[in-house]
Q: 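Dumping the structure here so I can ask a few things about it.
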Protein chains: 2
Amino acid sequence: MDLSSFITSLTTSFIIFVILMVLFAYLCTKPGNVVVYYPNRILKGMDPWVGSRTKTRNPFDWIREAYSSTEQDVVNLSGVDSAVYFVFLSTVFGILLISGILLVPVLIPLAMTEKNPNVKDSTGKNAFDDLDKLSMAHLKEKSPRLWVSVIACYWVSIVSYVLLWKAYKHVSDLRAAALTSPEAKPEQFAVLVRDIPFSSKSNSRQEQVDEYFKTIYPETFYKSIVVTENKEVNKIYEELEDCKKKLRRAEIIYADSKKVNPEGVVQTHKTGFLGLVGKKVDSIKYYNEKIDELTPKLEAAQKSTIAEKQQGAAVVFFTSRVTAAAAGQSAHARMIDTWTVIDAPEPRQLLWTNLPKTYYEREVRQYVVYFIVFLTILFYMIPIALISAFTTLPNLKKLLPFLKPILDQDAIRTVLGAYLPQITLIVFLALLPAFLLFLSKAEGITSQSHAERGASGKYFYFSVFNVFIGVTIGGTLFDSLKEIEKHPNSIVDKLATSLPGNATFFITFVALKFFVGYGLTLSRIVPLIIFHLKRKYLCKTEEDLKDAWLPGDLGYATKIPDDMLILTITLCYAVIAPLILPFGAIYFGLGWLVSRNQVLNVVVPKYESYGKMWPHIHIRILASLLLFQVTMVGYLGVKKFIYTPIIIPLPVITLVFGFVCSTKFYRFFKTTALEVVASRELKERPNMETVYKSFIPPSLNSDKALVEHLDESV
Amino acid sequence: MDLSSFITSLTTSFIIFVILMVLFAYLCTKPGNVVVYYPNRILKGMDPWVGSRTKTRNPFDWIREAYSSTEQDVVNLSGVDSAVYFVFLSTVFGILLISGILLVPVLIPLAMTEKNPNVKDSTGKNAFDDLDKLSMAHLKEKSPRLWVSVIACYWVSIVSYVLLWKAYKHVSDLRAAALTSPEAKPEQFAVLVRDIPFSSKSNSRQEQVDEYFKTIYPETFYKSIVVTENKEVNKIYEELEDCKKKLRRAEIIYADSKKVNPEGVVQTHKTGFLGLVGKKVDSIKYYNEKIDELTPKLEAAQKSTIAEKQQGAAVVFFTSRVTAAAAGQSAHARMIDTWTVIDAPEPRQLLWTNLPKTYYEREVRQYVVYFIVFLTILFYMIPIALISAFTTLPNLKKLLPFLKPILDQDAIRTVLGAYLPQITLIVFLALLPAFLLFLSKAEGITSQSHAERGASGKYFYFSVFNVFIGVTIGGTLFDSLKEIEKHPNSIVDKLATSLPGNATFFITFVALKFFVGYGLTLSRIVPLIIFHLKRKYLCKTEEDLKDAWLPGDLGYATKIPDDMLILTITLCYAVIAPLILPFGAIYFGLGWLVSRNQVLNVVVPKYESYGKMWPHIHIRILASLLLFQVTMVGYLGVKKFIYTPIIIPLPVITLVFGFVCSTKFYRFFKTTALEVVASRELKERPNMETVYKSFIPPSLNSDKALVEHLDESV
């Protein structure tokens, strides 16, 4: 990529960003769009237009608002997980900023002033253009200026260690504060029980579970819910709910029609496929009949499900938070494969269907999933490498000569040259997350948040291996296929040699990500258009309207690995091409601002895991740091710098640092420390019946069925 | 070693064994020796001469008695740890017996009938004698008969897996049965608390601990004992106890002298060094004065110790076994380095001085100890290898020519040739255990049983690396020093080549161990002589007499590694020289019988860890199996057998088997499963005050000091 494509890329990205910003500033003041730009505040029952919003607005108002919000605001409005995400953004921003302050003004002049006749002349194909002069690749082999690279590596590493340590401590405090909260949370009184062994003594699972826990916790055991096979009852329940919704809609349309014609127009529809075929019926009457028919059917199904379809898992409730926390950490049975007790997640994120999976099933599933992920990571590399190699302009012209007349036009060539590879990459990566989330859930994980953490972890390794390593080596694939064939094992060396050539590609990639990506996120153009289309053509009731504007959550499963990829790229280039550091810093700084706006005004978190994401993020930041350090060992080796062994301790220090952090902090993230839940009295003794009911799946939550069952079992 | 030394060694060992047996059969019927041969029964308040013992005795009575005793007898008389030791012996006996039944009649004829001209002729120095014809070393290179070796390896491994799995299950049941016991054991109501952080709020550690646990366990917390610095008070206490003992002795001697002379002879002694110098004083008067002086001093020291010398560790008591078990498994504080709570061991085996060691101190100490052990294992090898090489007869003659006239005498040469290397080895190994136990305690471990497990583990690796590998390679050191220098890394190949040459050495080593070792253990000649000498010349009071016959415990720290070494040797030779299998089986069979007698009649266990030794033994048996399998890979490789890869899965299977066993069973050995302590009601609610007092160190156990302290702190 030459300087002009680089500038073009940056400029167009920036222009798109500015347009989106202006659009955002204009659109978010319109009252009709309030539900698109401030849904979180509306759902929380707050006035969306606080303070200055009522007065004149300027396009930078949201920045001031985001910047002036405190961490406590975030915790209150969006929970600990969101606050942890900001700790992540600010920590990484800090690392890149502090690294950049030293590295950019020192390394770039050093590289520019180096006279390196070899680079320009002897090896023609490696010819460096103007941009590459700014990178350390411009240094001569064995140049004493490489000493500065060594110091820079230590600087980046030490800054990372210090900030990561502080961040871990801070997140641990955040988690403790949230768990100490005097407000009773249902999940703090519950544990999940899996692998309940088959018993011939008890009449039912319910009795078996109750007896078992009553013996162990005679004073604090409250009740239990045995997990049931809900497929049938869920189906009836959904059908019923659907009928009720359609009935409400039909009634509203009928009422609306009355305003025009006092007699009203009777709503009709066809009962066949998609309402297109079949008998024409009176909708209101039809749905009323259907509801009358389904309601007793549901009740019967509920009763039979609770009585007959009990499975080998349960949710057990205690009257004390400390007992529940201790139970989640204690071995109850002698063998690992029976009576597994773990902390309960929130009811809303509990993955019911995974609960009854047995220990051995889970183990087998886990290994199978790991194997599939391994294959995915390995074989996605091939198409990505090919695409990356094909989509450079010269290659395109070579391989698809009929495109030559188009590609030779200046404007098209510049735009395509600037964007083609990045767009391919982004599109390619968008296909994967759903698959990985599905795989994580297939492991038998019990909570949505855990499944998303799993998917996020898989995606991170995928993107580092495929995008970063794949593109880096793939970008020079045509140049150096022979070399790779000769030394397939020397991937570090290969990476080290290929890195400098791809620096500008990745700088534009980062810039594209933040200008266009954050521009789209902030302006919410796509959700806005969808909302207005839905409102106009589909929404009939208030309910429909709310469904149309209801926002999602931040989407950690893809957001964090995306950020991590940018971090990995920036870290790995930090010393080789320090110009990337300000771009990386802007990515995370701007990300912080945009996400603040999102979290405060837009997104609604789907769950709360009290910062359990952090250890996961921490380990992956360290993995990036390790990759950077190993790459630098290879890079200095390629430059034939004889003091290279001086940075070999760095990867070791990173591993030790990771081990120490895990030992010191991790246990509290895995389980709940007893002093935390015991340290403050609850505001009021919780109503245990409410706690208990909050865990009953909606399809079974008919008071009638439950009361009967309770009468029987007590 | 030729056939005649082999026979000599076996014969003399057997004769010594027979003599010791006869001695035992004779001596144990004498009433005066009853305290030497049946101390455990006497201490348990049982009649030592049960059943047939009163009638005529024959030398094999003890065998019948040992054989007819049940596991429950062992548990009742000597605890779970002893029963677990028998599970170990019978499991290993089973492995060796079942392996031997197939291997001995199949492999030995196969080896004998092989015509292998290469061995006898071409390489003169490797010439095999008659005994070696029985070993697989006699097979030709690439011989198809090596297939049988492969099958034999699988047979031995599968037998081991099956028996080990059963044994683990059985031991787990034993542990569960003991922990379920309706008798209240004090340690089940207590936990150890370490790393108590410094607090400026509380007035004392005692208050801090009580407040902390009262908050978390408002209903089940009972009391706590804060660990104190007891050096000073212990010194005074010991002095006082010593005075009391001497006073009692002086009184008895005075009373005895009255029987002769009605006025009695006043006991006197000198106050100086060892009673040899200084002023002559009236003993009774002197000790009475001393006791009067020390008693208030002790009380003052107790008070000041409890008040002022509190340290950062405590023993905390709960009124419920389940709470104590759950507390020992739960994280109480957010950070790993504060409020560490672990299960309490029995009071008698608590290592008080290790309790206040902080988390970081423990970590550092652990790594330092590991490093020292590593060095010990590494550098003990050199002298052992040298000694083993020097103490063969031809080498002795070469190096110490002045011994030649002595060594040339037939009788001496045969005896020395048979015993010298083995005796050197045994003596050398006797020096180490105390050092390793000291090292284990220095790690900061809290209980004697854990320290002995640690020492036992270290000793195992030491003996395998040094005795087995050291002797095997060292025995051929002079022959193949050059080869080792050339390929220092090919230790497996080296081992595989050297093994056959040392087969007879190890067979005699095993035989010596069981004939002489068990003969001495059973006959108790040494303790008997010491007891009679003490009784005659030293013992004055009943107390002295009891001290003289009081037996020790089984001494797991050395016994188990010794047995494990025999197992390792036997397993590694099982296929190469199957003749060793019957000897190994006899070692463990005879060991079982002799240990039964020991456990039922003689030894008094010093502690009870409820079978926590087993996982430790299990892992080490697997380590031996792994060494055997790896050695066989090397051995078949040396024989140039092209199907060698067929046994490569075996080491992998062993690792997987070990992982599965640890996952399934180990957690219950590390902590106490809650269902186990909750599953049966206690016979009676324990007196918590008794439980509490059982943990007070004797030097502080004056009711006065405690009561005052309790009044203050409540």
Side-chain angles (χ1 to χ4, degrees), chain A residues 168-169 171-173 175-177 179-180 197 211-221 320-341 359-360 363 659-681, chain B residues 168-169 171-173 175-177 179-180 197 211-221 320-341 359-360 363 659-681:
Chain A
Y168 219 141
K169 220 168 189 167
V171 171
S172 180
D173 290 340
R175 176 172 165 82
L179 289 174
T180 314
E211 198 190 310
Y212 187 84
F213 283 94
K214 229 178 253 166
T215 314
I216 298 180
Y217 305 98
E219 274 138 41
T220 45
F221 172 74
S320 145
R321 296 203 288 186
V322 174
T323 309
Q329 299 177 45
S330 300
H332 283 67
R334 281 162 47 200
M335 302 298 167
I336 194 86
D337 50 3
T338 52
W339 295 107
T340 309
V341 179
Y359 180 77
Y360 297 103
E363 289 289 303
F659 174 73
V660 170
C661 283
S662 292
T663 312
K664 186 169 168 72
F665 298 109
Y666 180 56
R667 194 176 178 182
F668 177 53
F669 284 84
K670 211 173 141 209
T671 56
T672 307
L674 299 189
E675 67 169 22
V676 168
V677 279
S679 64
R680 238 198 282 179
E681 279 298 300
Chain B
Y168 218 140
K169 222 170 189 167
V171 171
S172 180
D173 290 340
R175 177 174 164 83
L179 289 174
T180 314
E211 198 190 309
Y212 187 83
F213 283 93
K214 228 176 254 166
T215 316
I216 298 180
Y217 305 98
E219 275 138 43
T220 46
F221 172 75
S320 145
R321 294 204 289 187
V322 174
T323 309
Q329 299 177 44
S330 301
H332 283 69
R334 281 163 47 202
M335 301 300 167
I336 193 85
D337 50 4
T338 53
W339 296 106
T340 310
V341 178
Y359 179 78
Y360 297 103
E363 290 288 303
F659 174 73
V660 170
C661 281
S662 291
T663 312
K664 185 167 170 72
F665 298 109
Y666 180 57
R667 195 177 178 185
F668 176 53
F669 284 85
K670 212 172 141 211
T671 56
T672 307
L674 300 188
E675 66 170 20
V676 168
V677 279
S679 63
R680 238 198 284 178
E681 280 297 300

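Each chain gets a letter, A, B and so on, in the order its sequence line appears, and its residues count up from 1.
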Q: Extract all donor-acceptor atom pairs below 3.5 Å that involve side chains of residues 660-668 of chain A and protein atoms in other chains or at least two apart in sequence.
A:
residue, atom, partner, partner atom, Å
A/S662, OG, A/G658, O, 3.1
A/T663, OG1, A/F659, O, 2.7
A/K664, NZ, B/D337, OD2, 2.7
A/R667, NH2, B/Q329, O, 3.3

Q: Which value, rounded to the nearest 0.5 Å, describes the distance between B/R334 atom CZ and A/T180 atom OG1?
A: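 Interatomic distance, B/R334 CZ to A/T180 OG1, rounded to 0.5 Å: 7.5 Å.
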Q: Looking at B/T215 and A/A678, what are the two nearest heavy atoms and their distance?
A: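 Heavy atoms only, the tightest pair is CG2-O, 3.4 Å.
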Q: Of the non-hydrogen atoms in B/M335 and A/S172, which two are nearest, and what is the gap between them?
A: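 Taking every non-hydrogen atom into account, CE-OG, 3.7 Å.
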Q: Checking heavy atoms, do the side chain of A/Y168, its backbone, both or neither come under 4.5 Å from chain B?
A: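 Neither part.
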Q: Quick check on the interface: out of A/A331, A/A673, A/A176, who has the most heavy-atom pairs with chain B under 4.5 Å?
A: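 Among A/A331, A/A673, A/A176, the one with the most close pairs to chain B is A/A331.
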Q: Which atoms of B/F213 come close to chain A, meaning under 4.5 Å heavy atom to heavy atom: side chain ones, backbone ones, both, or neither?
A: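 Contact with chain A involves no heavy atom of B/F213 at all.
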Q: Between B/V322, B/T671, B/D173, B/V341, which has the largest tally of heavy atom pairs under 4.5 Å with chain A?
A: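 Most heavy-atom pairs under 4.5 Å with chain A: B/D173.
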Q: Below 4.5 Å from any heavy atom of chain B, which atoms of A/F669 appear? Answer side chain, backbone, both or neither.
A: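 No part of A/F669 comes within 4.5 Å of chain B.
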Q: Return the set of residues passing side chain to side chain donor-acceptor pair (under 3.5 Å) with B/T672 (not counting sequence neighbours), or none when no residue passes.
A: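 With neighbours one apart ignored, the set is empty.
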Q: Pick one of side chain, backbone, both or neither for A/Y212, based on which atoms fall under 4.5 Å of a heavy atom in chain B.
A: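 Only the side chain of A/Y212 comes within 4.5 Å of chain B.
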Q: When rounded to the nearest 0.5 angstrom, what distance separates OG in A/S320 from CD in B/E219?
A: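 Spacing of OG (A/S320) from CD (B/E219) equals 8.0 Å.
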